Amino acid sequence: MSSNATSTPGYTFAATGGGAASSASDPASYLYPYHSAAVAKSLIATAEALVNPRGKGIYATDETIDGIEARLFAAEGVEDQPKVHTDAQKRERRRRWRECLYESLPTDYISGVILYHETLVDFQLAPVLSNRGIIPGVRADTDAHPLPISPLEPATQGLDDLLPRLQAAYQAGARFSKWRAPIRCDSSALPTQAGMEVQAESLARFAAISQQAGLVPIVEPDVDFADDADLRKSVEVHVKMISMIYARCVAYGVLLEGSLIKPSFPQPGLKHPSRATTSVDEIGLATATVLARSVPVAVAGVVFLSGGLSDSDAVRYLNAVNVAVNKAPAGEPLSLSRLPNLTFSFGRGLQGDAMRKWVKGDEAGAKEAFEARAKACWLAAKGEA
């Protein structure tokens, strides 16, 4: 990673809002009354470092404890007997898996890593990353529960004690945070207006609180594609959802220049007949169109999620949207050429091959496999895959 990442103000200024007073003569920061110039510059510098130079992206390692245990078990293969039995052994295996890759992440391709609370606070692995010029972040959301008026739709939890948790994360080394909001989408009733509004409100409140703690917020509207929505419905829902998020961010005074968004790719649902015939180019153009219509120009960058996609599809979709942007002439109606850097924030899309090698004791092979996947994502984030 370039040297500006380790020297970014995000590593040196306090998260309490202290520092130099804002100045009308300082064009670098457009401040709300409660942002000092120091904190605003820190947020902006960190957000920019996460998506620059073009192609670099974020490694998402924020699975829950149960989630990472399930993936490690699956990686062993059904023919193998589990090699870990006690809670202490499982804990040590989780720590060593994280540490193995953190120590060797390719800094040419990876700008930041999202950590789970255990990894950040209990294992204290943020310095392993920051000492190599990689920016540590933290997952901020907790469980999701059914929305009372629409039980099929989830409402993400975690706002009540968010500020002290994020302040503790800052002290542990985090410089950005992420909040996921799953959105159900089908051909008929979902998502409801209430379902979208509650998630937009939560994401905006999270973003404001994150910046209060000195952390760059990554808002993650994850529109589900497991049902029967077609591409047109998916595009419509993505545009509405992202637009609602930023309307609420404006209401809460979020500094957009010091924030990122982690959206899903608009696509037909798995149960829609057009799923098999929709081309990758169509997905790329649909994705670019959604972003041009809904993401404010001030937002520092876009880091796509890969959840539910195969490793190859995640890279193909990322490449396709960047190809669409690369081909867009300046001044065309959709204004695709004005979009910020479009890169990745993948978990499974990066680590699957590496994990399968690591659980069999092949650490060198795991590191090589990860680097190969990271390079593929880096190329795709430039439209060169």
Side-chain angles (χ1 to χ4, degrees), residues 60 62-64 66-67 70-71 114 139-159 162 178-207 217-249 260-276 278 282-283 286-287 289-291 293-295 302-310 313-314 317 321 345-349:
D62 57 326
E63 304 101 321
T64 64
D66 289 343
R71 291 185 187 180
I114 309 172
R139 173 179 170 172
D141 59 283
T142 58
D143 297 330
H145 297 288
L147 189 66
I149 196 172
S150 181
L152 293 177
E153 296 181 280
T156 309
Q157 306 297 301
L159 289 172
L162 184 59
K178 185 217 70 168
W179 180 287
R180 175 177 176 263
I183 314 295
R184 289 287 307 275
C185 180
D186 65 17
S187 62
S188 55
L190 297 178
T192 65
Q193 183 71 14
M196 290 192 291
E197 287 179 357
V198 73
Q199 295 290 43
E201 178 75 7
S202 295
L203 284 166
R205 287 183 61 192
F206 147 73
I218 301 180
V219 296
E220 181 181 348
D222 182 0
V223 179
D224 174 69
F225 62 89
D227 219 305
D228 63 346
D230 62 10
L231 181 58
R232 183 180 297 274
K233 175 68 180 287
S234 184
V235 166
E236 175 188 341
V237 169
H238 275 82
V239 170
K240 285 183 178 180
M241 189 69 235
I242 295 171
S243 299
M244 290 172 68
I245 291 165
Y246 284 115
R248 298 311 300 155
C249 282
L260 302 171
I261 183 170
K262 181 175 177 175
S264 44
F265 294 99
Q267 57 199 284
L270 295 174
K271 297 178 182 179
H272 195 274
S274 68
R275 177 79 185 185
T278 301
E282 288 178 276
I283 298 294
T287 304
T289 301
V290 164
L291 300 176
R293 289 176 177 170
S294 58
V295 177
V302 178
V303 292
F304 289 100
L305 62 91
S306 63
L309 294 172
S310 68
D313 281 348
Y317 291 179
V321 66
S345 177
F346 294 168
R348 278 174 288 185

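Computed from a predicted structure; not experimentally measured.
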Check whether any side-chain heavy atom of Glu153 sits under 4.5 Å from a side-chain heavy atom of Pro146, and report yes or no.
-> no
Salt bridge (Lys or Arg N to Asp or Glu O under 4.0 Å) partners of Lys240, counting only residues at least two apart | Glu236
Across all chains, not counting sequence neighbours, the side-chain contact (heavy atoms from CB on, under 4.5 Å) partners of Thr142 are Gln157, Arg165
Which atoms form the tightest heavy-atom contact between Gly67 and Glu63, and what is the distance?
-> C-CB, 4.3 Å
Side-chain donor or acceptor of Ser306 paired with backbone N/O of Leu309 under 3.5 Å = no
Who pairs with Arg348 by salt bridge (Lys or Arg N to Asp or Glu O under 4.0 Å), at least two apart in sequence or on another chain?
-> none
Heavy-atom pair of closest approach, residues Ala200 and Arg248 | O-CB, 4.0 Å
With sequence neighbours excluded, tell me which residues meet side chain to side chain donor-acceptor pair (under 3.5 Å) with Thr64.
-> none
If we only count heavy atoms from C-beta on, is the Cys185 to Leu190 side-chain gap below 4.5 Å?
-> no
Under 3.5 Å donor-acceptor, Ser234 side chain and Asp230 backbone | no
Those residues at least two apart in sequence (or on a different chain) that pass side chain to side chain donor-acceptor pair (under 3.5 Å) with Glu282 are Ser279
Could you give the distance from NZ (Lys262) to CD (Glu220), rounded to the nearest 0.5 Å?
-> 4.5 Å
Is there a side-chain contact (heavy atoms from CB on, under 4.5 Å) between Ile218 and Ser345 once you walk through the steps?
-> CA-CA 10 Å; Ile218 301 180; Ser345 177; 5.6 Å; no
How many angstroms lie between atom OG1 of Thr156 and atom CD of Glu201, to the nearest 0.5 angstrom?
-> 13.0 Å
Find the distance between CD (Glu197) and OG (Ser202) and round it off to the nearest 0.5 Å.
-> 11.5 Å
Give a yes or no on whether Leu270 atom CG has more than 12 heavy-atom contacts from other residues, nucleotides or ligands under 6.0 Å away.
-> yes
Using the side-chain contact (heavy atoms from CB on, under 4.5 Å) rule, take Val290 and Thr287 through it: C-alpha gap first, then chi angles, then the decisive distance, then the call.
-> CA-CA 5 Å; Val290 164; Thr287 304; 5.8 Å; no
Check whether any side-chain heavy atom of Asp62 lies under 4.5 Å from a side-chain heavy atom of Lys178, and answer yes or no.
-> yes
Is a donor on one side and an acceptor on the other found under 3.5 Å between the side chain of Lys233 and the backbone of Asp186?
-> yes
The salt bridge (Lys or Arg N to Asp or Glu O under 4.0 Å) partners of Arg205 (sequence neighbours excluded) come to none
By ring-ring contact (aromatic ring centres under 6.0 Å, His included), Phe265 pairs with (sequence neighbours left out) Phe304, Tyr317
Is there side-chain contact between Ile242 and Val295, with at least one heavy-atom pair below 4.5 Å?
-> yes
Residue list, salt bridge (Lys or Arg N to Asp or Glu O under 4.0 Å) with Asp227, at least two apart or on another chain | Arg184
Asp224 side chain near Pro182 side chain, heavy-atom distance below 4.5 Å | no
Quick one: salt bridge (Lys or Arg N to Asp or Glu O under 4.0 Å) pairs with a partner in residues 140-150, sequence neighbours left out?
-> Arg139-Asp141
State, to 0.1 Å, how close Ala204 and Cys249 come at their nearest heavy-atom pair, and which atoms those are.
-> CB-N, 3.6 Å
Distance, nearest 0.5 Å, that separates OG of Ser150 from CD of Gln193 | 12.0 Å
Which is it for Gln199 and Ile183 under the side-chain contact (heavy atoms from CB on, under 4.5 Å) test, yes or no, and what are the steps along the way?
-> CA-CA 8 Å; Gln199 295 290 43; Ile183 314 295; 3.8 Å; yes
Work out which heavy atom in Ile283 is nearest to a heavy atom in Pro266; give both atom names and the distance.
-> CD1-O, 3.6 Å
Taking side-chain contact (heavy atoms from CB on, under 4.5 Å) as the test, write out the residues that go with Ser264, two or more places apart.
-> Asp222, Val223, His238, Leu305
Side chains of Leu147 and Pro154: does their closest heavy-atom pair fall under 4.5 Å?
-> no
Nearest non-hydrogen partners of Ala140 and Phe206, listed with the distance = CB-CE1, 3.7 Å
Which heavy atom of Gly195 sits nearest a heavy atom of Thr192, and at what distance?
-> N-OG1, 2.9 Å
Who pairs with Asp228 by side chain to side chain donor-acceptor pair (under 3.5 Å), at least two apart in sequence or on another chain?
-> Ser187
For Trp179 and Val219, what are the C-alpha separation, side-chain angles and deciding distance, and is it a side-chain contact (heavy atoms from CB on, under 4.5 Å)?
-> CA-CA 6 Å; Trp179 180 287; Val219 296; over 6 Å; no
Flag side-chain contact, heavy atom, 4.5 Å: Leu203 against Pro217 = no
Only counting residues at least two apart or in another chain, list the ones meeting side chain to side chain donor-acceptor pair (under 3.5 Å) with Arg275.
-> Gln267
